[in-house]
Protein chains: 2
Amino acid sequence: MSLVVQKFGGSSVADIERIENVARKVIASREAGHDVVVVVSAMKGETDRLNELAFGAAQSSTPRPREHDLLLSTGETVTIALLTMVLERMGAPARCLTGAQVRILTDSAFSKARIQDIDAELIREDLGAGRIVVVAGFQGVDENGSITTLGRGGSDTTAVALAAALEADECQIYTDVDGVYTTDPRVVPTARRLETVTFEEMLELASLGSKVLQIRAVEFAGKYQVPLRVLSSFQDGPGTLITMEGQKNMQQGSMEEPLIAGIAFNRDEAKLTMIGVPDTPGIATQILGPVADANIEVDMIVQNISNEGLTDFTFTVNKTEYDRALDILRKQAEVLGAREVFGDNSIGKLSLVGVGMRSHAGVASRMFKALAAEGINIQMISTSEIKISVVTDEESLEVGTRALHKAFGLDDRSGNTVSVEGQSV
Amino acid sequence: MSLVVQKFGGSSVADIERIENVARKVIASREAGHDVVVVVSAMKGETDRLNELAFGAAQSSTPRPREHDLLLSTGETVTIALLTMVLERMGAPARCLTGAQVRILTDSAFSKARIQDIDAELIREDLGAGRIVVVAGFQGVDENGSITTLGRGGSDTTAVALAAALEADECQIYTDVDGVYTTDPRVVPTARRLETVTFEEMLELASLGSKVLQIRAVEFAGKYQVPLRVLSSFQDGPGTLITMEGQKNMQQGSMEEPLIAGIAFNRDEAKLTMIGVPDTPGIATQILGPVADANIEVDMIVQNISNEGLTDFTFTVNKTEYDRALDILRKQAEVLGAREVFGDNSIGKLSLVGVGMRSHAGVASRMFKALAAEGINIQMISTSEIKISVVTDEESLEVGTRALHKAFGLDDRSGNTVSVEGQSV
């Protein structure tokens, strides 16, 4: 007997028929001998409907946060009631709880509240009585009794937090895809589903554009060492287990351990460069300060050694912020006496991700060699402990991904190609 | 400075535009110097939408009560969030609270929970801080933290209960009609809006088919002596104040006090008679027992003195129950050895209601005389302290109502005729 927390998102509970499908999966786990806690999101479309009402009432796209959170929380409350009715109809004893009823205590940062504490007592009682417990995702309650929401992907966070509080054996996140892939199967038909991936690799894969899981939930799971599994709501299969690094090594054996977990790519960034800036202390802050003040998020930052007291400074931002960032940078170039400002919004970013990198030399050179063999020019390079990212022109992105996938031995050896709708890496 | 509780039903908050209309009324009261607590129902159509989901999930028209209540409660929660957003947008500080947040403590009789206690503290704090407080009607929370609903008309009950707990100066129920009328203005164009009506009169008027207020809320208001006012959501006007008898006398002066508050009529009943029943003790129970066991509600009951050891027993039921009641009665007539069973489902019931009746003789004879003058035959008579009801054939109902309205001096002396949509007496 083990305890699993299962989370199903909005498209998995979009209508009664799909909720019945979820109920069957939950009951199957129960019949396999597990205690089950289910976390669900609002039915697909419901949050949009509620937002439309809120925007109309507030005549603003930023309604009052306390009331907005209360309003949105009704979406998940509807789902837990319906799923519980379906479970009971199918003969499975079940009970539902809102975030406030569980007492998922959060701070009062409406719309992006952080969980502070969870009282697992009520859930344990219900599990002890042989019931499936259905909990509303995305919502909590602050110490004043006001309903809060956890922000985007909050239901994943709820599931992981409950798994941590209940010391669950596994937290299973059901999604549109059947696991985490070495790269996007739509671009590389020989992409493989990973049996396991480490938290850190998953974080890098997620931050590079994978939408399989919310970064925050992955961080949370890593912090509390909750084993996390990504599976498909719509087909059977073991999915991908996200583990501590040690567990991964043990399970796979070090001989077969792949050097690289996967290859992520991203077409959503644009590059900006300030040429010929006086290389004085604090120059990075003077360049990036005004960008940060405008609430523009910066991803890669590259500065090379200076030449005759001048240096070149490059960074990337989301494409949607390109024009604003360029304006700011041009003004700042005048202030700083820089020679010139360049920009390019048709770039692509390619990243190799893998904890194996730490202990193996030569990964970067193998990467650069594979790209060179395809005639791809590298515009920027940035590295971290477990990833190497390069910026290329946008057209080279797919060719580059396929080349790296092959060069690092990630291709499915069975020769099978996969086709997964909705995989977005 | 006084404190008013204002309640707006589903059609008053059917869309953002109507919610804005409600907000303007609330703000006008605030600006007139009152502290205001607003109670709202779910937006019109929302409860039906949620029920449809529930019936689909449960594959039953009686979903599990705990989950059904939780589901339905989201309807009012949506409304309080939206109204609060609108109030704030219009510049009025406001705050909303669910039933659980106020802590409207109920028993655990899901779908028809009874209020046990209200913690008025949070509301008092908000009022003290100059805020309008918006409370979700229809919902409460039991001692286990489960969300409950109060059943049909529950929002009226919430409003009255809050008014009692807060010792409000008045509880204002906004409806489709602009007050309580002496009778249905669609039938009697000279019908007058009553300035005041007593709780008991209102109860009789309501139980006779008036749908202006839920009986339960009126009983509740009477018990806690909460002055209740019925007004229109859609037009201005003082409405009708529902008072203690004493207050009414003081306000109107005894000279002008009308003998009769109003005339109610009802086409929804059918009459059943058992002829020639042996007149033995317990016979009423033997006749009505099986009817009650079948969950059929009985309204008027008339039994006359016996003749040669046999008696005739007549009662009325709702027309929709006529066939079932007739079947039961025929079977029971055989058991009891009664001579015959008659039924008539084209009857009408006419009732004179007024606390004045208690202290004035001759009301009944004046009533019978007025009906006789129109050639209307009286089939049954039943009286209570403050009402006299007669059953006639259905066709005589409207003529009889007009005749009584005139005979008891209820016609509008100004000669104005009113026309009120939605008045249903």
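Proteins get letters first, then strands, A, B, ... in listed order; numbering begins at 1 in each.
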| Closest approach of A:Ala81 and B:Leu71, non-hydrogen atoms and distance? | CB-CB, 3.8 Å
| message | Taking the side chain as everything from C-beta on, heavy atoms only, tell me whether B:Ile80 gets closer than 4.5 Å to A:Leu70. | response | yes
| Which of A:Gly75, A:Ala100, A:Gly56 touches chain B most, by non-hydrogen pairs under 4.5 Å | A:Gly56
| remark: Whatever's closer than 4.5 Å to a heavy atom in chain B on A:Ile19 counts as neither
| query | Can you name the closest pair of heavy atoms from A:Leu53 and B:Ile16 and give their distance? | reply | O-CD1, 3.5 Å
| Residue B:Met43 versus chain A: region with a heavy atom under 4.5 Å | side chain
| request: Answer with side chain, backbone, both or neither: which region of A:Ala136 has an atom nearer than 4.5 Å to a non-hydrogen atom of chain B? | output: neither
Here's a test: name every donor-acceptor pair under 3.5 Å between chain B and chain A, with the distance for each.
unit_1, atom_1, unit_2, atom_2, d
B:Ala57, O, A:Arg89, NE, 2.9
B:Ala57, O, A:Arg89, NH2, 2.9
B:Arg64, NH1, A:Glu88, OE1, 3.2
B:Arg64, NH1, A:Glu88, OE2, 3.4
B:Arg66, NH1, A:Cys96, O, 3.0
B:Arg66, NH2, A:Cys96, O, 2.9
B:Glu88, OE1, A:Arg64, NH1, 3.2
B:Glu88, OE2, A:Arg64, NH1, 3.4
B:Arg89, NE, A:Ala57, O, 2.9
B:Arg89, NH2, A:Ala57, O, 2.9
B:Cys96, O, A:Arg66, NH1, 3.0
B:Cys96, O, A:Arg66, NH2, 2.9
B:Gln101, NE2, A:Gly145, O, 2.8
B:Gly145, O, A:Gln101, NE2, 2.8

| Structural part of B:Ala23 lying under 4.5 Å from a heavy atom of chain A | neither
| request: Could you tell me which residues satisfy side chain to side chain contact (heavy atoms under 4.5 Å, CB included) with B:Ala168, sequence neighbours excluded, listed by chain and number? | output: B:Leu3, B:Val5, B:Ala163
| query | For the candidates B:Leu72, B:Val86, B:Val141, B:Leu97, which exhibits the highest count of non-hydrogen atom pairs separated by less than 4.5 Å from chain A? | reply | B:Val86
| field | Residue part contacting chain B, namely of A:Leu122, when any heavy atom lies under 4.5 Å | value | neither
